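Heads up, the thing below is written out as structure tokens.
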Amino acid sequence: MADFPFSFTIPLPGAVPSRIDNHIRRTLSSMKGQFLDHETYQAMLAEDDRVIYEVYEIQRPAVEGELLMGISIVHPGKVGNEFFMTKGHFHTVLDTAEVYYCLQGEGFMVMETPEGETCVQPLAPGNVLYVPPRWAHRSVCTSRQADLVTFFVYPGNAGHDYGTIERLGFRKLVVEGENGIEIIDNPRYAHE
Ligand code: F6R
Ligand code: ZN
């Protein structure tokens, strides 16, 4: 029997969807090794294992033909000079894309391919970002006070490969420099 169509709302501001099947909270402790300034990371963690970002998932079967949707909320803050961000990942099925629609806040999507191409795109309310197949992606909140809120949709069979980024890092980082927000080369990027 076919599934029945459904709808839900994403009220603004706030963007907590009216339908939530799963709520993920990622705290500082789950981001070990991801931020450039390890010392500041340890010091912050010793004080408080704070929530860096949250995801509200609308669950569907994780199979080809389905679309998985949800809301991603990255909170404002920095570890040293580096803005709060998601872990970031490649899709396990590398040839799967994703669409992000920015609802609130400001930030960037940091992306790269396994071959080393990089792209960092701004996110602001109204921006639609197409992440093509093969591009790893991480969202970064650069606002001082506001959450970065995006709606995303991607193929049900995509899967998530977090391990590659945990091992290598991203090639580009978003930091607060002397003259404001800067996109820099990651000095700790671990070439394989
Ligand atoms: C799904 C996707 C987003 C992220 C979310 C949290 O493929 O890209 O839903 O999962 O923004 O980021 P991660 O998954 O990197 O912790
Ligand atoms: Zn993804």
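In this text, all values refer to a predicted model and were calculated from it rather than measured experimentally. Counting convention: from 1, in listed order, for ligands and their atoms alike.
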Walk me through it: do Asp21 and Gln59 pass the test side chain to side chain donor-acceptor pair (under 3.5 Å)? CA-CA 6 Å; Asp21 298 323; Gln59 280 184 339; over 6 Å; no
In the protein, which heavy atom is nearest to [atom], and how far is it?
{"atom": "atom 10 (O) of ligand 1", "value": "His89 CE1, 3.7 Å"}
{"atom": "atom 5 (C) of ligand 1", "value": "Val55 CG2, 3.9 Å"}
{"atom": "atom 12 (O) of ligand 1", "value": "Thr86 CB, 3.5 Å"}
{"atom": "atom 2 (C) of ligand 1", "value": "Glu98 OE2, 2.9 Å"}
{"atom": "atom 16 (O) of ligand 1", "value": "Tyr53 OH, 2.5 Å"}

What atoms of ligand 1 come within less than 4.0 Å of a heavy atom belonging to [X]?
{"X": "Tyr100", "value": "2 (C), 3 (C), 4 (C), 8 (O), 11 (O)"}
{"X": "Phe152", "value": "9 (O)"}
{"X": "His137", "value": "8 (O)"}
{"X": "His91", "value": "7 (O)"}
{"X": "His160", "value": "1 (C), 7 (O)"}
{"X": "Tyr154", "value": "1 (C), 7 (O)"}

Nearest 0.5 angstrom please: Asn81 CG to Ile181 CD1, how far?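 It is 12.0 Å, given to the nearest 0.5 Å.
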To the nearest 0.5 Å, what is the distance between CD1 on Ile183 and CG on Leu173?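 The distance works out to 10.5 Å.
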Closer than 2.8 Å to the Zn ion (ligand 2): does that hold for any N, O or S atom in His89? yes
For the ring pair His160 and Tyr154, is the centre-to-centre distance below 6.0 Å?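 Ring centres of Tyr154 and His160 closer than 6.0 Å.
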Proximity of His75 and Tyr53 rings by center, below 6.0 Å: no
Charged N-O contact under 4.0 Å between [X] and [Y]:
{"X": "Glu54", "Y": "Arg26", "value": "no"}
{"X": "Lys172", "Y": "Glu112", "value": "no"}
{"X": "Glu176", "Y": "Arg144", "value": "yes"}

For ligand 1, is there an N or O atom under 3.5 Å from any N or O atom of Tyr162? yes
Below 3.5 angstrom, do we get any N/O pair linking Gly88 and ligand 1?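 It does: an N or O of Gly88 is found under 3.5 Å from an N or O of ligand 1.
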Report the atom name of the nearest N/O/S atom of Glu98 relative to the Zn ion (ligand 2). OE1
Check His91 and report its N/O/S atom nearest to the Zn ion (ligand 2), by atom name.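 This turns out to be NE2.
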Heavy atom of Arg138 under 4.0 Å from ligand 1?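 Contact check Arg138 vs ligand 1: negative.
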Gln145 atom CD: more than 12 heavy-atom contacts under 6.0 Å: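 No, the 6.0 Å shell around CD holds no more than 12 heavy atoms from other groups.
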Does Arg134 qualify as a cation-pi partner of Phe90, given the criterion of NZ or CZ under 6.0 Å from the six-membered ring centre and within 45 degrees of its axis?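 That pair does not qualify as a cation-pi contact.
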